[in-house]
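Worksheet: one structure, shown below.
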Amino acid sequence: MASFQRQPAERLVKPSAIAPALLDWYDRHARTLPWRVASSDLAKGIRPDPYRVWLSEIMLQQTTVAAVKGYFEKFVTTWPTVGDLAAATDDSVMAAWAGLGYYSRARNLLAAARQVNEAGGFPADAAGLKALPGVGDYTSAAIAAIAFDEPVAVVDGNVERVASRLAAIEVPVKTAKKQIQTVVSCITPAVRPGDFAQAMMDLGATICTPKRPACALCPVNAYCVAFKEGPDPTTLPVKLPRKARPARLAGAYVAERSSDGAIMLVRRPASGLLGGMAGPYLTDFSSRHDGATGEDAAPFAGDWIDCGTAEHGFTHFQLTLEVMSARIDGEPALPDGAFWCPRDELIHAALPTVMKKAIAAAIPNAFHA
DNA sequence: TAGCCGTGGTC
DNA sequence: TGACCAAGGCT
């Protein structure tokens, strides 16, 4: 019966032995990443810069390490300190973030930078950090552990997977958050909590992977209930089936001014899909309904030419854009938020990937030189 | 609370 | 090739 079932944390094999084994592995196999401080420097007492830790953690939310690296380097080169970032313009930050996705992160990033700069520095504990916009349970714990040596449980998707397997948690992760939190708290050490957190994430990324975990190479396989007793680690964590992604349709209109080749862009509202970002005029659509297409739905009259379609997948729907283009001779009344972007500034505009696809469908070499 | 919010890589 | 996924947070 469920009441006689031992709690996951109690099923752990020698919980106090896990952190030492994992840290020993981490000392030999830690990934070298731009936002990390070398272990030799850590040994000298050099602490990670909270600004760089925070910036990297925001960028890494639901985003791969490979995708983040270049953006991180660009940001810390352009804005080496939180004060530099706080002084940046909204447009420059949105443009620098363009292509990385989840654009509310960029707006929250800038708001938080200004808040921190005003306060004279970052909050030095998880509770204070969580009050910053864009910083939730995971990110506040990660920054507190890595930058401020606070022994808090850091639970992200990797850690959920590792903990689910270590304690053989067979209930769906969605309903096991608290159990997982308890398991991770139970094995988080008082010393080197930041390295431990990063070791758990490295383990999840390189050994305890979702599909084909390399259990034979795992430094903590001796303490892994799923590995030793089952169920098969690849079946954990238990995830509920996702809902199907609906398909949506909308019109995209690329207007080129014939006098100088400038492209009409529209700045989108600050909130919602692609909030604060620019792109060609799109007809109104959402995850729930299609937008209008065709010549009649154009922002103004003109010789609109059919340029085919552009496809783009969002998290919860698939979008097909029916792209049209026109060369504009006069000065038509522009829709709200629209402006002419000089052709040589197009590359530097805050254009999300889906917008670049739409423009490229109309002007194939738009981003080549 | 469950839906909203991007993108590119992997198999 | 399409489904799944990767260091979540906000409302």
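Not measured: the values here are computed from a predicted model. FYI, side chains are in, hydrogens and waters are out, and symmetry mates aren't considered; it's all heavy atoms of this structure. Chain A is the first sequence line, chain B the second, and so forth, proteins listed ahead of strands; every chain is numbered from 1.
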Item to complete: Assess whether ring-ring contact (aromatic ring centres under 6.0 Å, His included) is satisfied between F314(A) and F317(A), documenting all intermediate values.
Response: CA-CA 5 Å; F314(A) 290 93; F317(A) 65 96; 5.1 Å; yes

Practice prompt. Just call it for G313(A): base, sugar-phosphate, or nothing, with non-hydrogen atoms closer than 4.0 Å on any strand.
Written response: base

Worksheet item: If you measure only the distance, is there a donor-acceptor pair under 3.5 Å linking the side chains of T81(A) and D84(A)?
Response: yes

Worksheet item: So does E311(A) pair up with K357(A), basic N to acidic O under 4.0 Å?
Response: no

Worksheet item: So Y253(A) and W304(A), would you call those rings parallel, tilted or perpendicular, with 30° and 60° as cut-offs?
Response: perpendicular

Worksheet item: Under 3.5 Å, side chain of Y71(A) to main-chain N/O of A98(A), donor-acceptor pair present?
Response: yes

Discussion item. Less than 4.0 angstrom from a charged side-chain N to a carboxylate O is my criterion; do K130(A) and D137(A) meet it?
Written reply: yes

Worksheet item: Is the distance from OP1 or OP2 of dG6(B) to the nearest side-chain N or O of T353(A) less than 4.0 Å?
Response: no

Discussion item. Does R288(A) reach a base, just sugar-phosphate, or nothing at all? Heavy atoms under 4.0 Å.
Written reply: sugar-phosphate

Worksheet item: At under 4.0 Å between heavy atoms, what does R212(A) touch on the DNA or RNA strands: base, sugar-phosphate, or nothing?
Response: nothing

Worksheet entry | Among dC10(C), dA6(C), dC4(B), the one nearest N108(A) by side-chain distance | dC10(C)

Practice prompt. Measure from CG on L100(A) to P on dG8(C) and round the result to the nearest Å.
Written response: 13 Å

Worksheet item: Which part of the nucleic acid, if any, lies within reach of V354(A) when heavy atoms closer than 4.0 Å are counted: base, sugar-phosphate only, or nothing?
Response: sugar-phosphate

Practice prompt. Identify, between P133(A) and S56(A), the residue whose nearest nucleotide on DNA chain C lies closer to the 5' end.
Written response: S56(A)

Practice prompt. Output the single nucleotide from dG8(C), dC5(B), dT7(B) whose closest atom is nearest the side chain of H316(A).
Written response: dC5(B)

Discussion item. Need one value for L33(A): base, sugar-phosphate or nothing, where a base atom within 4.0 Å counts as base even if backbone is also close, heavy atoms only.
Written reply: base

Discussion item. Is the phosphate of dG2(C) approached by R245(A) (side-chain N or O, under 4.0 Å from OP1 or OP2)?
Written reply: no

Worksheet item: With a 4.0 Å cut-off on heavy atoms, is K243(A) in touch with a base, just the backbone sugar-phosphate, or nothing at all?
Response: sugar-phosphate

Worksheet item: W35(A) near the nucleic acid: base, sugar-phosphate alone, or nothing, with a heavy-atom cut-off under 4.0 Å?
Response: base

Item to complete: Round to a whole Å and report the spacing from NE2 of H312(A) to C1' of dG2(C).
Response: 16 Å

Worksheet entry | Side chain of Q62(A) - closest among dA6(C), dT7(B), dG9(C) | dA6(C)

Practice prompt. Mind running a 4.0 Å heavy-atom check of residues 265-285 of chain A against DNA chain C and sending the residues that fall below it, in number order?
Written response: none

Practice prompt. Specify the residue among M355(A) and K174(A) whose closest nucleotide of DNA chain B lies further upstream toward the 5′ end.
Written response: K174(A)

Fill in: Closest listed nucleotide, where the reference is the side chain of T315(A) and the choices are dA2(B), dC5(B), dG3(B)
dC5(B)

Worksheet item: Counting only distance, no hydrogens or angles, is the base of dG9(C) paired donor-acceptor with the side chain of S104(A) under 3.5 Å?
Response: no

Discussion item. Please report the distance, rounded to the nearest Å, between CZ in R242(A) and P in dC4(B).
Written reply: 14 Å

Item to complete: Let me know the distance between CZ of F314(A) and P of dC4(B), rounded to the nearest Å.
Response: 13 Å

Item to complete: Scan side-chain atoms only and decide if D232(A) and T234(A) contain a donor-acceptor pair under the 3.5 Å cut-off.
Response: yes

Worksheet item: Do the side-chain N and O atoms of E57(A) and Y138(A) include a donor-acceptor pair separated by under 3.5 angstrom?
Response: yes

Worksheet item: When you measure from the side chain of S287(A), which nucleotide among dC5(B), dT7(B), dC5(C) comes out closest?
Response: dC5(B)

Practice prompt. For A66(A) and for F317(A), locate the closest nucleotide of DNA chain B by heavy-atom distance; then report the residue assigned to the nucleotide nearer the 5' terminus.
Written response: F317(A)

